[in-house]
2 protein chains.
Amino acid sequence: MVKPLYQPNTDQITLPGVLDALSDPVRLDIVLQLDADGEARCSAMGEHGSKTNLSYHFARLREAGVTKTRIEGASRLIALRREDLEAKFPGLLDTVIANAKGAKSKAA
Amino acid sequence: MVKPLYQPNTDQITLPGVLDALSDPVRLDIVLQLDADGEARCSAMGEHGSKTNLSYHFARLREAGVTKTRIEGASRLIALRREDLEAKFPGLLDTVIANAKGAKSKAA
DNA sequence: ACAATAGTTCAATAAGTGTTGAACAGATTG
DNA sequence: CAATCTGTTCAACACTTATTGAACTATTGT
């Protein structure tokens with residue numbers, strides 16, 4: 001039996017939900033890496049925390065509509081839902097990512 | 001003895017902090033009203049919740065660096081920290097406000 | 001001084017958050 | 001099949017959150 005792997009469709013995505021998903025430093029880091037890499041497998045994000053904890057944050061991002069997950073063999077490939085987010089909240093994701101990058105470079 | 005009324009200075013404002021402050025529907029409503037009215041007294045926001053609860057949300061917004069509070073007699077006047085936020089996270093506040101307005105008009 | 005007004009603070013509560021380690025399920029490889 | 005790798009689920013935990021009502025402080029008006 002296959003997992004449901006719930007992802008909201010575009011009209012179920014809410015602004016508070018997205019902002020909440022993006023309001024955690026770990027998740028913001030994940031989003032930054034997804035922005036840079038395009039699509040990443042979970043195993044490529046070990047720097048951001050423990051396996052279990054990452055799984056939790058991946059679920060938060062996915063359930064908020066920020067990411068989509070594709071299963072490939074034993075791995076899962078995660079990517080940002082760029083078009084959906086842009087359609088629903090124009091400019092939001094890009095602005096947050098740009099500012100997160102800025103904050104990171106200044107934190108050096 | 002006067003209250004401290006803590007407000008972070010610009011370099012203490014964090015992106016996760018701001019996003020978290022904006023990730024609550026009540027606070028988003030407050031921000032929308034502040035955007036429309038420029039400066040508002042607490043008593044003018046009774047529609048968004050009880051007195052006590054609003055006081056809590058005002059504090060969250062203020063402590064996150066999203067708003068500043070000015071005391072005028074027995075009232076408090078709340079306003080967005082537009083310049084500070086724009087300097088620290090360019091475009092962020094405007095984008096969030098624009099999308100919150102959009103979400104609100106669609107929710108009719 | 002008394003009462004009304006504006007808003008905060010406090011204590012309490014129910015629900016949610018981020019984190020961890022152990023156990024689990026599915027795919028891949030020996 | 002057994003071992004392994006990828007990632008999720010579960011139970012537990014300490015902590016935070018949003019909300020409420022009662023008590024409080026400060027200001028304004030009578």
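Letters A, B, ... are given to chains in the order of the sequence lines, protein chains preceding strands, and every chain is numbered from 1. Basis for what follows: all heavy atoms, side chains included, without hydrogens, waters or symmetry-related copies. Just so it is clear, the structure is predicted and the values come from calculations on it, not from any experiment.
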* To do: Find which nucleotide of DNA chain C each of A:Val26 and A:Glu72 is nearest to by heavy atoms, and output the residue with the more 5' nucleotide.
  => A:Val26

* Asked: Tell me: CD of A:Glu63 to C1' of D:dT9, nearest whole Å?
  -> 13 Å

* **For B:His57, the option from B:Arg62, B:His48, B:Arg27 that meets side chain to side chain donor-acceptor pair (under 3.5 Å)** => B:Arg27

* Under 4.0 Å: is that the gap between some side-chain N or O of A:Arg60 and OP1 or OP2 of C:dG18? -> yes

* Asked: Does the side chain of A:His57 get closer than 4.0 angstrom to OP1 or OP2 of C:dT19 through an N or O atom?
  -> yes

* Within this structure, what is the CG-to-P distance between A:Leu77 and D:dC5, rounded to whole angstrom? -> 19 Å

* Asked: So what does A:Ser55 touch, heavy atoms closer than 4.0 Å: a base, only the sugar-phosphate, or nothing?
  -> base

* **Among C:dA27, C:dT20, C:dT8, the nucleotide that comes nearest once only the side chain of B:Phe58 is considered** => C:dT8

* To do: Figure out the CG/P separation between A:Leu19 and D:dT17, and round it to whole Å.
  => 16 Å

* Atom-to-atom span, CZ of A:Arg76 to P of D:dC5 - whole angstrom -> 17 Å

* Base, sugar-phosphate, or nothing: which does B:Thr52 touch, judged by heavy atoms less than 4.0 Å apart? -> base

* **From OG1 (A:Thr10) to CG (A:Asp84), nearest 0.5 Å** => 3.5 Å

* To do: Whole angstrom is fine here: how far is it from NZ in A:Lys51 over to C1' in D:dT9?
  => 12 Å

* Asked: Would you call B:Asp24-B:Arg60 a salt bridge at under 4.0 Å N-O?
  -> no

* **Atom-pair distance (CG on A:Leu28; P on C:dG18), nearest Å** => 13 Å

* Asked: In whole angstrom, what separates B:Leu54's CG from C:dA6's C1'?
  -> 12 Å

* Structure fact -> To the nearest 0.5 Å, atom CG of A:Leu19 lies from atom OG of B:Ser23 at 6.5 Å

* **Closest nucleotide among C:dG18, D:dT17, D:dT6 to the A:Asp24 side chain** => C:dG18

* **Selection: residues 36-49 of chain B, any non-hydrogen atom under 4.0 Å of DNA chain C** => B:Arg41, B:Cys42, B:Ser43

* Got a sec, which residues hit side-chain hydrogen bond (donor to acceptor under 3.5 Å, both in side chains) with A:Asp29, two or more places apart in sequence or on another chain? -> A:Lys104

* To do: Nearest 0.5 Å please: distance from the CG atom of B:Asp94 over to the CG atom of B:Leu80.
  => 9.5 Å

* Quick one: pull up CG in A:Asp20 and CG in B:Leu22 and give me the separation to the nearest 0.5 Å. => 11.5 Å

* Asked: OP1 or OP2 of D:dA18 sitting under 4.0 Å from any side-chain N/O of B:Arg27?
  -> yes

* Send over the distance from A:Tyr56 OH to C:dG18 P, rounded to a whole Å. => 4 Å

